[in-house]
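Note sheet for the following structure.
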Amino acid sequence: MTRTLFTNARLLDPAQALDAPGYLLAEDGLITAAGAGSADTTLRKDAEIIDCKGACLAPGLVDMRVQSADPGAEHLEDLHTLLHAAASGGISTIVALPNAKPVIDDASMIDSLSLRATRIGGARLRLYGAATRKLRGKAMAELGLMAEAGAVGFSNGNRCIMDSLVMRRLLAYSAMLDRPFIQHCEDHDLTAAGEMNEGETSTRLGLIGAPAEAEAIIIDRDLHLIRMTGARYHAAHISTRAAIESIRRAKAEGLPVTADTAPPYFMLNEMAVSTYDTAFKLSPPLRSEDDRQAVIAALADGTIDAIASDHVPVDGDAKAQPFGPSQPGASGVDTLLALTLSLVHQGHLELLRALELLSLAPSTILDLGGGALIPGTAADLVMFDADSSHIIRGSAFASSSRVTPFEGMPVQGRVLATYVAGAPIFRA
Amino acid sequence: MTGQSQTGAPDGAASPKSTRKAGSGSPVSLPHRHLLGIEGLSPIDILALIDRGDMFADLIQSDTAPPPPFSETLRGRTIINLFFENSTRTRVSFELAAKHLGGSVLNINVAGSSVKKGETLLDTATTLNAMHPHILVVRHNCSGAAKLLSQHVDAAVINAGDGRHEHPTQALLDALTIKRRVGRIQGLKIAICGDIANSRVARSNIHLLATLGAEIRLVCPTTLLPAAIDMMGVEVFTDLEEGIRDADIVMMLRLQTERMEGTETPSQREYFNLFGLDRTKLMRAAPNALIMHPGPMNRGVEIDSATADDVEKSLIRTQVEIGVAARMACLEALAGASGDRR
């Protein structure tokens, strides 16, 4: 039996609204005791003692939107690098999107990737199954077999399901399998060749605008289909006020709807594109300041449930292009915690709320059974210093994908260690 | 990164020369190393370039002036015309302007090559940079391409049109053309008509003409109107006759062929009917109204031939002629910057 006792920690558990100096005992990978104050001597017996020296100890982060370049583009980032980069970012579980090459639309791929991940160590890997074959938005993939193989939900990657009939059936089938459906909310017909958010900035720069309404249009359509099917629906990387208002109404109505956003949408706005710097080319695009404020408010009031990194490994060459043809996306696992903590330091969120957004909520949405410091759950933990400051440098990322829209930004929050099942997967 | 961005330069960084009183007609020295757009240029820089161009235009049109080259400013300097999009008039205009100043010109036409567009830009930039050109004149179908290029080469970069963003020398030559004919720009009513959404000429002209105090109206179908354009200080019309009422200048824009029959405009016939300029509609404009077009024209689409060829009212041919003079002023202004790094 392995026993690890964390002492002298600032225990933070959103599930119990706990924020107190205390201790935590992990035995054979599970949390067996946690509480305020100091651990009594019986707990110390035969245990490895880790003195947290007052650092924060919280449930490990659950990053529910990560793109893996493995399989298909391992030269950008292989699974080994990704899982260890996540670990260094305080993330104990990542959930990878199906848009790999080949597309993860088959149970055998879920099996093999899951197996590879267990051999690697680092953060845990969970997977979404592709909603449609090859992500083409037409024929349904083998959702049932993928669910049996461990798919935690279904997603069509960065492609929205445009066909309403296909969407209706996907929701009905997901409901039958009791798995959430993760939607990338974008009316691709409306955004067409869009290069950035439509508005004054796109007009001034001569870039083709993608209107913000393209996000809410899909959510509004999907809400009708959710009423028809009763499916659990999750709106991914929400970036606009209009979409947030639709989600708020749906929640008030009691529909099984959840949502996440990513740091760019609460930290940056479309003005960042003014220099044509392709690090700011993202999907969805950076929106207006009004949208950004709406995202922050929605994180605080619970309309948005979770924050994900929206990590996308991107080739430097794919970014060294004019803005229009450059590839959207940026690295995210290295900066997820510090950027989210900036909302705490700016006074928008309580620390416990921030941690809920990063661990308990995504874990609950996807039925992962973690995200809390309750005895009996896996000892997936992050130890961090919430105040230590540094400047974000892509060159210092553990991820091999180093394109970041936050280059040079000062932040506070440093991961000291990350644990999966009580064992360290990262130590600073 | 070797290039200092043109728009990134603080306004206060203007060199003493550029703040001198406009109108002296001496070589212009810009506070920026590149000419990437009109946005970010001060009214003084703009006026200085126009005045210098005015002087060159006199020289070109003079019967008594000695034959070109008119100056040795660019002697020993290499100017590369790097065109990723097809162009005849702009490329030839720059070539002639450079030769009039004694420069050596190379033309590189990358348009139509099978190489992928984005890759070509920086790869080509690296290759060309190794040959130490002094000035790169670049046209590209992507907005921001000239700026990107300027960050990767040592040469001074002139934007000869980047996507839907800017075409600064076109705006300068348009302003010079107006000034030579009308004598002023301030207070003129200028209507810019046609495909505003996809026009770099429109954006550069809006910046320049508004900076110099013209009253600008845009006329276009709602499907070709870019978002929040009214924030640029213009008045928008969807009726051509309304929009050009009492206008002193009517500037028509080209409608790309691929947009003529689709979801932006239903047909060439309908577009001409609603937004094409002809003699009847032109009667709404001021009695001495002048017509401009950056070219190439689609006769019978945005303008009818009788109007385009009206020697009394059309400045279209003059624009081409004046273009050389305006570009001479720009090349000369960057010649200093291009020499600093050699």
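Every chain is numbered from 1, with letters handed out A, B, ... down the list of sequences. Quick caveat: nothing in here was measured; it's all calculated off a predicted structure.
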Side chains of Ser143(B) and Tyr276(A), heavy atoms from C-beta outward: is any pair under 4.5 Å? yes
CG/Leu205(A) to NE2/His165(B) distance, rounded to the nearest 0.5 angstrom? 6.0 Å
Report, in residue-number order, which members of residues 195-205 of chain B are under 4.5 Å from chain A by heavy-atom distance. Arg203(B)
So which bits of residues 215-234 of chain B come within less than 4.5 Å of chain A, counting non-hydrogen atoms only? Pro226(B), Ala227(B), Ala228(B), Ile229(B), Met231(B), Met232(B)
Minimum heavy-atom separation for Pro322(A) and His140(B), please, with both atom names.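 The answer is CG-CE1, 4.0 Å.
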Near Arg221(A) CZ, under 6.0 Å, is it more than 12 heavy atoms from other residues, nucleotides or ligands?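 Yes - once you tally the heavy atoms of other residues, nucleotides and ligands closer than 6.0 Å, there are more than 12.
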